[in-house]
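Reading through the structure tokens given below for one structure.
Indexing begins at 1, ligand by ligand and atom by atom, following the structure's order.
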Amino acid sequence: MTIFSDLGLSQKVLSAVQDAGYTEPTPIQEGAIPPALERRDVLGIAQTGTGKTASFVLPMLTLLEKGRARARMPRTLILEPTRELAAQVAENFEKYGKNHKLNVALLIGGVSFEEQNRKLERGADVLICTPGRLLDHFERGKLLLSGVEVLVIDEADRMLDMGFIPDIERIVKLIPFTRQTLFFSATMPPEIQKLADNFLQNAVRVEVSTRSSTAKTVTQQLVATGAKDYEKRAALRDLVRDQDELKNAIIFCNRKKDVADLFRSLDRHGFSAGALHGDMDQRSRMAMLHNFREGNLQLLVASDVAARGLDIPDVSHVFNFDVPIHAEDYVHRIGRTGRAGRSGKAFTLVTKREGKYVDAIEKLIDQKIEWLSGDLSSIAPAAPEEDKPKRGRKPRGGKESARGARKEPAAEEALTEVVAAVESSAATNGSAKDGTSGAAAKQKGPVSPAPAEPKPRRAANDDAGRSENGRGRNSGSRRGNRDDEATPIGFGDDIPAFMKIAARA
Ligand code: AMP
């Protein structure tokens with residue numbers, strides 16, 4: 001068995017590791033730390049949850065003990081795809097670097113430039129950035145990258161998905177060729193391999209997981225449901241209520257609009273819920289995460305990009321409100337539960353149209369996922385047209401209300417949704433609007449600060465212009481836009497309610 005003191009780390013680092021309570025290095029740490037300390041390039045193929053962050057933070061701390069930072073010339077640079085990941089890495093520096101006096105600067109969007117400038121002026125030993133904000137600082141002339149000795153590119157495959165590769169290539173050109181590069185990715189598609197070949201020299205390759213594995217400790221089940229939003233929401237509520245041992249759960253949606261809609265619906269139905277998506281400002285996202293980690297919120301509705309790589313220990317359940325279109329996203333989502341040998345449960349709602357995505361997932365994970373109660377053939381036909389919810393309108397009197405009185409289960413549910421929607425939109429300053437759960441506030445006390453309403457990307461986010469689902473404007477993306485998968489005709493399923501009202505003679 002390897003122990004930390006075998007790896008060549010400094011005393012100060014070893015003492016912080018001991019205080020963190022770690023007894024032995026994880027495989028990625030065991031593989032990556034010794035070559036990193038020898039100033040070799042490293043290609044680490046590892047997902048979050050494997051101890052990957054410490055595998056570059058610990059050797060960096062040791063190497064940084066020699067030398068001093070100069071104003072506006074950071075000594076090391078870490079690139080992260082999202083603000084949360086960047087903030088998490090900064091926390092790691094705080095934790096493992098508590099015996100060091102290093103200046104760590106976090107350059108992410110949603111925080112004022114002035115504050116970040118002051119940190120750069122003081123001289124940063126460690127600069128942790130999202131690519132957009134780094135380039136903004138560079139273009140303002142506040143930063144020189146010619147002193148960077150160590151470059152870390154983390155979550156490279158997610159960078160690719162988010163369209164950041166052109167930015168990364170630009171940044172790398174600004175850093176001396178003599179640098180040391182530590183490159184991490186959960187998966188190695190050909191584009192990432194090409195990048196790694198360009199950026200790394202004679203790198204040591206450390207691989208600790210394959211992208212197609214789901215933890216054995218996670219029980220996975222599929223739940224067949226009708227395709228209408230209100231049917232899916234009802235199915236989800238039933239599923240959540242049926243769980244005896246639900247401590248907390250992440251509910252994944254494919255689109256950020258659905259994150260907001262589903263969150264509001266859960267809130268109206270009295271669940272303790274919060275939401276996390278890429279358009280929320282930084283403060284709100286951090287507050288939301290904090291509340292979820294602390295147990296003030298039981299359910300967190302999230303998109304893939306917002307939740308990717310977040311270190312939220314001990315999530316008991318994952319619910320997929322939509323089947324992920326890209327099979328590997330399923331593996332990442334499911335990976336939020338069943339961590340560190342704990343047991344977890346993962347449920348995926350499946351509509352008839354999504355059956356093909358389930359096939360792809362089963363192929364990737366090389367495993368059949370069982371149906372909870374009946375497969376897609378068991379789905380009852382959708383409620384008749386007249387029982388569909390009329391969005392944003394109160395049920396009218398006369399014929400329509402008589403039809404509503406028939407009490408089809410789906411129709412009754414739909415009616416509840418409509419009335420709730422009208423009530424909620426009337427209460428413009430309601431808690432549901434700001435992304436925290438009124439129910440949560442009622443049950444567990446205040447969960448503020450509350451997230452803001454979505455804002456235009458460029459204004460709100462440093463790494464703007466990239467879509468939430470990661471298929472950005474200047475993307476070298478391998479996947480294309482999710483919405484391309486099934487091009488709707490006309491309004492598709494989203495026909496405005498007023499167009500469905502029968503014309504009066
Ligand atoms: P990461 O993969 O970097 O997101 O780390 C996942 C979790 O593992 C974090 O909560 C770390 O605190 C924890 N961790 C990192 N290294 C070790 C270790 N050697 N032993 C136990 N836990 C660790």
Side-chain angles (χ1 to χ4, degrees), residues 1-10 13-34 36-37 42-62 78-98 104 106 126 128 152-159 182-187 206-211 213-215 217-218 248 250 286 289-290 292-295 302 304-315 331-342 344:
M1 184 183 88
T2 310
I3 51 174
F4 273 104
S5 54
D6 295 340
L7 301 179
L9 294 163
S10 72
V13 173
L14 287 174
S15 142
V17 166
Q18 195 177 7
D19 291 349
Y22 306 158
T23 49
E24 56 185 292
T26 64
I28 184 76
Q29 291 163 1
E30 196 177 330
I33 291 174
L37 286 171
V42 173
L43 170 61
I45 304 167
Q47 297 182 1
T48 48
T50 56
K52 160 176 75 83
T53 317
S55 79
F56 58 83
V57 172
L58 302 183
M60 282 174 78
L61 283 166
T62 301
I78 299 170
L79 295 174
E80 292 288 337
T82 65
R83 301 163 180 186
E84 283 78 14
L85 281 168
Q88 246 170 239
V89 173
E91 281 167 21
N92 272 258
F93 269 97
E94 227 168 87
K95 178 165 151 192
Y96 306 128
K98 62 182 200 169
V104 178
L106 183 62
V126 183
I128 307 165
V152 179
I153 300 174
D154 195 18
E155 301 265 333
D157 53 350
R158 186 50 43 162
M159 300 268 202
L182 311 174
F183 186 103
F184 292 88
S185 189
T187 61
V206 187
E207 182 164 0
V208 298
S209 63
T210 56
R211 68 170 164 173
S213 54
T214 50
T217 47
V218 182
N248 56 0
I250 304 183
M286 298 310 278
L289 263 180
H290 175 78
F292 187 63
R293 278 202 194 105
E294 294 297 306
D304 287 289
V305 169
R308 173 73 181 238
L310 297 177
D311 181 24
I312 305 167
D314 203 15
V315 175
V331 179
H332 288 297
R333 291 182 182 186
I334 299 308
R336 313 310 315 178
T337 184
R339 297 185 131 203
R342 294 189 189 98

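Of all the heavy atoms of Phe184, none lies under 4.0 Å from any atom of ligand 1, so neither backbone nor side chain is involved. By the criterion of a heavy-atom distance under 4.0 Å, the side chain of Lys95, and not its backbone, is placed next to ligand 1. Of the heavy atoms in Gln29, only side-chain atoms (C-beta onward) come closer than 4.0 Å to ligand 1.
Near Phe4, meaning under 4.0 Å from any of its heavy atoms, are these atoms of ligand 1: 19 (N). Within ligand 1, the atoms closer than 4.0 Å to a non-hydrogen atom of Lys52 are 1 (P), 2 (O), 3 (O), numbered from 1 in the order shown. Taking a cut-off of under 4.0 Å to the non-hydrogen atoms of Gly51, the atoms of ligand 1 that pass are 1 (P), 2 (O), 3 (O), 5 (O), 15 (C). Ligand 1 places these atoms under 4.0 Å from at least one heavy atom of Thr53: 1 (P), 3 (O), 4 (O).
At least one donor-acceptor pair under 3.5 Å links the side chain of Ser185 to the backbone N or O of Asp157. A donor-acceptor contact shorter than 3.5 Å is absent between the side chain of Glu30 and the backbone of Thr2.
Closest approach of Ala54 and Gln29 over heavy atoms only: CB-NE2, 3.3 Å.
Checked against a 3.5 angstrom limit, the closest N/O atoms of Pro25 and ligand 1 fall outside it.
Of the inter-residue distances, the one linking Lys52 atom NZ with Thr26 atom OG1 reads 11.0 Å to the nearest 0.5 angstrom. Atoms CG and CG, on Leu14 and Leu61 in that order, are 11.5 Å from each other to the nearest 0.5 Å.
Heavy-atom separations between Gln88 and ligand 1 are all 4.0 Å or longer.
Between Pro25 and Leu7, some side-chain heavy-atom pair lies under the 4.5 Å cut-off.
Side-chain atoms of Thr53 and Asn92 include no donor-acceptor pair closer than 3.5 Å.
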